[in-house]
Amino acid sequence: MIDTQLHGDVLEIVMNNPPVNALGIGVRQGLAQAIAGAQTNPAVKAIVIRGGGKLFSGGADITEFGKPFAEPGLPQVVDAIEASAKPVVAAIHGMALGGGLEVALGCHYRIATPETKLGLPEVSLGLLPGAGGTQRLPRLIGVEAALEMIVSGSPVPAAKGAELGLVDKLAAQDQLAAEAIAFARTVDGPRRTGDLDASATADVFERFAENNKRKIGALDAPKACIEAVKAATELPLDQGQLKERALFTQLMNGDQSKALRHVFFAERAAAKVDGLPKDVARRPIAKVGVIGAGTMGGGISMNFLSAGIPVTIVEMTQEALDKGTGLIRKNYEATAAKGRLTMAQVEKAMGLLSPTLDFDALKECDLIIEAVYENMDVKKEIFTRLDGIAKPGALLASNTSYLSIDEIASATGRPQDVLGLHFFSPANVMKLVEVVRGAKTAPDVLATGMDIGRRIGKVPVVSGVCYGFIGNRMLAPRLNGAIAMLVEGATAEQVDRVSVEFGMPMGPLQMIDLAGVDIGWHRDPNRIESVRDALNAAGRWGQKTGAGFYDYDERRRPAPSPAAQAIIDDFRAREGVAPRAISEDEIVTRTLYVMVNEAAHILEEGIAQRASDIDIVWNYGYGWPRHKGGPMFWADLVGLNKIVDALDRYRDRLGPEFTLSPLLARCAKEGRPLERDARA
Ligand code: 3H9
């Protein structure tokens, strides 16, 4: 894992631990031995450390976390590097992240290629830099810049690193090793971490915490990062490192970091498709067609346009086409107004869009995505038509949120080319795409669907065919439970508060207001069979009409609605339901535990490949708080017995469609987590 080579009087130490040169025990031992050996070798005058392959290092080996650490630990290795009596130069390319950057900070000098990114992203794993990073970085670049890097976790490019004093010299990629060796010969001996200028730091921590209050919220790691950097201003290096270590260990053992580490690996696992050979050939996608220029069709198109892929968008009427195209432009211009795009980029994206009323124009496309309203007959008609137009081998995708991909595919003579690509609203923003694998979807079609998702910056997750796929199928019992509790006596604010306090971006009723109370409504104002019917009949269709379960102001901020409450009270009275007090326990059961139960059904039926995929769906499609892992991870944390007991307790209120998942019951009984191997 460590290769060494003597170039005259300079020892080159190369970390070789593909794919990211993680600093696992083998690398740590190798580094420690090489540094120690260099001290006693009179032929060595200076040392260069670099990474083999595509980067310097992606940091500590995260797979070792949560287990007992093997010696030497990374802090010891970094201390040994800094203590070297012979100058040590880090030659950095690609990335130096987390422990990787901490190794570089232990080195006396740093030389990097201009493309390099340097960062301490530990905070996104619910941790802090635990190998001296919180103590050395502020001493090197100042407290404010260090706080920013450590608490945001965002890497900086090498040029910025040079401005900050983090990088001493830039060198082109093909010159890096040679320049680092030459540089090592010229430096003035070891240069160790200096003292911190504490004079300018009086109120910086309070100000920083205040300015970032919203981002930090309930997260433990950013708070601990601030505390650790503060310690750098108060304590000598060795004592500061002890404080850092204590905070690191505390975070490592906490549930938030466990959850965030789970999400890190879950996201990577989701990219892997069961039963699909890794090397299956992909079909080339150079041109995309989108059918329907409504909100979804427009948002979907933007993803491809932004990635530089031309899109032909088809509508039925010129009016709808103009409206849709106008909305795409408006969205791009709004992003430009916020400074996140230049107008040249807007024009470039719009230049790749070909709006047309001519369905035949789709014959050029390698991937065609249907994004019309949810009606099976309409979708089948479109796919039959597509079958006659699309070129051989084109991927035919539906953005349906609920309907059967198999039935849609049956309308074509090429069901092997058909799949679901289910985007989440707003489709240009939300990262999730459910890639729906039909019974006949060909392996290369599925693999291409996953690839194209990643190419446009999404997180694709495979789902089997069922009503609502993974995400929306779990949403149904959550929304039904929320509405039923209103009829039984809860208020909308009471129900939604539980989810918001949990960390979701909004509660279930706020979500219905956002999506539209009228979705799926029969449109007969005299037929009032549910609270939704009653609200719809009164014109309360949600945010778009300024009124739904809540009242909305012009900036779409919700306020409790006496009018909605009166409609609910009236409906309750008509149904002869006596209102009762609804406890928080019941709200949790009927809005969260029911989702876990539905997810267990989904897992058991093989609709989701693995429990962690379900977590990713809820993280990226619905804003489940990452520091709570995802519904399945969270369920294991809460305790499956507790969930099953609660579901049993409220079983008579969960509706006739409720059935306890046998998998959930079994895992609870056997004390087995849902998360691992749950279908075995
Ligand atoms: C830390 O350093 C703590 C220290 O302060 C203190 C210690 C005492 N470890 O993402 P990819 C795997 S905390 C183990 O697809 P890319 C990954 O699971 C660490 N494994 O590649 C995947 O495996 P598989 C701070 C790791 O090119 C494979 O490598 N560092 C690690 O798209 C390829 O990964 C970070 O938070 C790791 N550190 O992106 C950086 N990193 O193929 C974490 C990756 O089996 N890493 N793997 O699915 C990243 O952000 C990205 O991997 C990176 C490359 C940007 C480096």
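First listed ligand is number 1; within each ligand, the first listed atom is number 1. This chain uses plain numbering: 1 for the first residue, then up along the sequence. Note that the structure is a prediction, hence the values are computed from the model and not measured.
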Structural part of Ala60 in contact with ligand 1, heavy atom criterion under 4.0 angstrom: both
Per-atom contacts, ligand 1 versus Met95 - under 4.0 Å to a heavy atom: 55 (C)
Quickly, which of Thr448, Asp366, Asp444 forms a side chain to side chain donor-acceptor pair (under 3.5 Å) with Arg283? Name it, please. Asp444
Establish whether atom 18 (O) of ligand 1 and some protein heavy atom are separated by less than 4.0 angstrom. yes
Do Phe264 and His262 have ring centroids that are under 6.0 Å from one another? no
Under the 4.0 Å line, does any protein heavy atom show up next to atom 1 (C) of ligand 1? yes
Taking every non-hydrogen atom, the tightest pair across Leu101 and Ala96: CB-O, 3.6 Å
Does ligand 1 have an atom that lies less than 4.0 angstrom from a heavy atom of Leu127? no
Under 4.0 Å from atom 23 (O) of ligand 1, is there any protein heavy atom? no
Min heavy-atom dist Phe69 to ligand 1 below 4.0 Å: no
Within 45° cone and under 6.0 Å: Lys169 NZ/CZ vs Tyr109 ring: no
Taking Pro121's backbone N and O only, do any of them form a donor-acceptor pair with Ser124's side chain (distance below 3.5 Å, no angle check)? yes
Quick one: do Glu64 and Arg28 make a salt bridge, cutoff under 4.0 Å? yes
Under-4.0 Å protein heavy-atom contact, atom 39 (O) of ligand 1: no
Please work out whether any backbone atom (N, CA, C, O) or any side-chain heavy atom from C-beta onward of Asp61 is under 4.0 Å from ligand 1, and answer side chain, backbone, both or neither. both
Below 4.0 Å from any atom of ligand 1, is there a heavy atom belonging to Glu64? no
Looking only at heavy atoms of Gly133, does any of them come nearer than 4.0 Å to an atom of ligand 1? no
Plane angle bin for Phe502 and Trp624 - parallel if under 30°, tilted between 30 and 60°, otherwise perpendicular: perpendicular
Parallel, tilted or perpendicular: which one describes the rings of Phe69 and Phe248, with boundaries at 30° and 60°? tilted
